[in-house]
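Quick notes on the structure that follows.
In what follows, residues are counted from 1 in the order of the sequence shown. Atoms considered below: every heavy atom in the structure, side chains included; atoms not considered: hydrogens, waters and symmetry mates.
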Amino acid sequence: MFSVRGRGTARRLAAATLVSGLVAAGAMGIAGPAAAEEGPGDNGGASAVLGQLKVSAQVKITEKADGEEHVREESGGLFEMKVENGGTLQTYCIDFRTNALDGKKYKEVGWDQSSLHDNPDAGKILWILENSYPNVSVAALGDKAGVKGLTKETAAAATQAAIWRYSDKVDATPVDENAQRLTEYLFGSATKVAEPKASLSLSPSSVAGRAGDRLGPVKVSTNAAETTLSVVPGAPAGTGVVGKDGKAVTKAKDGDEVFVDVPKGTEDGTAEIKAEATTKVPLGRAFVSVEEKSQTMILAGSSSSTVTAEAAAAWAKKGAVPAVTVAKDCAGGGLEVVASNEGDEDWTFELKGTSHTVAGGETKTIPVELAEDEAYRFTITGPNDFEQTFEGVLDCETAPPGPKSPETTPGTGPTTPAPSPSAADGTTGGDTAGGSTGTTGGGDLAETGSSNATPMIAGIAAVLVVVGGGAVFFLRKKKTTDH
């Protein structure tokens, strides 16, 4: 499915972060990705399932192809996502030409693990999120932008159009005239804002050593006031989480370093520690699909949501003691497998048909080149039943101009979005907290209006057949595309 090749020495490990869509199985589990700033091999954050387009209106898209100008309309606005462990998110699309697959699992990631990794306007997109709907109520937004007659639907469409201009360089203009003015205001006023940090991560996600030692450190990074720490059931008796002073800890704050404490004399084995917090995921965090190619999303609003992160530990009395993380390098176009050996003997393992040896006390970074949107799956094994399987999809770029993926893509079946009632003065807007501006409506995630999906009806064919004095209508809907 992919090849392993050498790369130039200029690539820096410090730029790598845990691969998006990572799933680890076997002797030690590793959770998914998190923010770039914490370092290589970090993980955690919110996992969520993509729902439907909830609040939307029509946006005119103008593109040139073969010397001709092509104009069409698309639905643009807010998607809803359900957090795996409790909570609800609202997101906008930042990958216009890719289908959105309803029901697919997504993972919170840093910008460098998404299509924003090389986008100089990523900070301007965050400014739009902080200063528009739903972080700012419709009424307050209208006053601020000097636009009257906005609704939740037109405000969402205007915001999405402005984001598309920066995320995909698309000529996007809402159909509604009031929304057009809001888009121009947002697009013209946007300034760069610094990338938000992860809701929760542990870095690195895999450590190793000897029984009797404190294994780590593992750094906690979070926007929550504190996190709860625990050992995942199944660990040997006496295994615990401790601080720098060696004392047991069950809570940690942002920046704290913790260790896995394994009692001396414990049989060779593995364990996992888990961090959990309830927080609002920061505006501007990217969400990528971990199952197959689907639109990349950016967070616009969050209820209080449960976020988690895990780190694995391995130990042995003698011999090789391996640890593995998989890092995603969007700038380089692939993955980096970081394999370390804290033991006193060499460790040799196979990676897609190629043998690699890591000496005791050594760490090796093995580059793995992937094509954009390529799925991957590989397993790394070691002594003491060490086994980790990694799988996912490399998704680092927005889809290029041209035809979208086939309309028969699963999850993009046709439905007709029905507008939800909302007052022209926007009194029902802005109920999603989670941003830094003072104009949010406050409280948890608001009702988002229509429960119907976003796809437009791409074609409706009707054939009238006259039989005797009656007429029979045959209506066939073509598969359509989500936005």
>> Just by distance, no angles: are the side chains of Ser294 and Tyr106 close enough, under 3.5 Å, to form a donor-acceptor pair?
In response: yes
> Taking atom CD of Glu310 and atom CD of Glu276, what is their separation to the nearest 0.5 Å?
Replying inline: 10.0 Å
> Does a donor on one side chain and an acceptor on the other come within less than 3.5 Å for Lys104 and Ser289?
Replying inline: no
>> Any heavy-atom pair between the side chains of Asn99 and Gln295 that's under 4.5 Å?
In response: no
>> Consider side chain to side chain contact (heavy atoms under 4.5 Å, CB included). Of Thr279, Leu89, Thr278, which one does Ser305 pass it with?
In response: Leu89
> Should Val337 and Ile380 count as side-chain neighbours, where that means a heavy-atom distance under 4.5 Å?
Replying inline: yes
> What do you reckon, is NZ of Lys244 surrounded by more than 12 foreign heavy atoms closer than 6.0 Å?
Replying inline: no
> Which pair of heavy atoms, one from Val55 and one from Ala156, lies closest together, and at what distance?
Replying inline: O-CB, 3.6 Å
> So, for Val290 and Lys107, which heavy atoms are closest and what is the spacing to 0.1 Å?
Replying inline: CG1-CB, 3.6 Å
>> Any donor-acceptor pair under 3.5 Å linking the side-chain atoms of Lys251 with those of Thr228?
In response: yes
> Taking the side chain from Asn119 and the backbone from Asp121, do they hold a donor-acceptor pair closer than 3.5 Å?
Replying inline: yes
>> Name the residue from Val241, Val231, Thr239, Asp213 that meets the side chain to side chain contact (heavy atoms under 4.5 Å, CB included) definition with Val260.
In response: Thr239
> Can you name the closest pair of heavy atoms from Ser340 and Trp347 and give their distance?
Replying inline: O-CZ3, 3.6 Å
> How long is the span from the CG atom in Leu394 to the OH atom in Tyr376, to the nearest 0.5 Å?
Replying inline: 7.0 Å
> Does Phe259 have any ring-ring contact (aromatic ring centres under 6.0 Å, His included) partners at least two apart in sequence or in another chain, and if so, which?
Replying inline: none
>> If you count every heavy atom of other residues, nucleotides or ligands that lies below 6.0 Å from Lys169 atom NZ, does the total exceed 12?
In response: yes
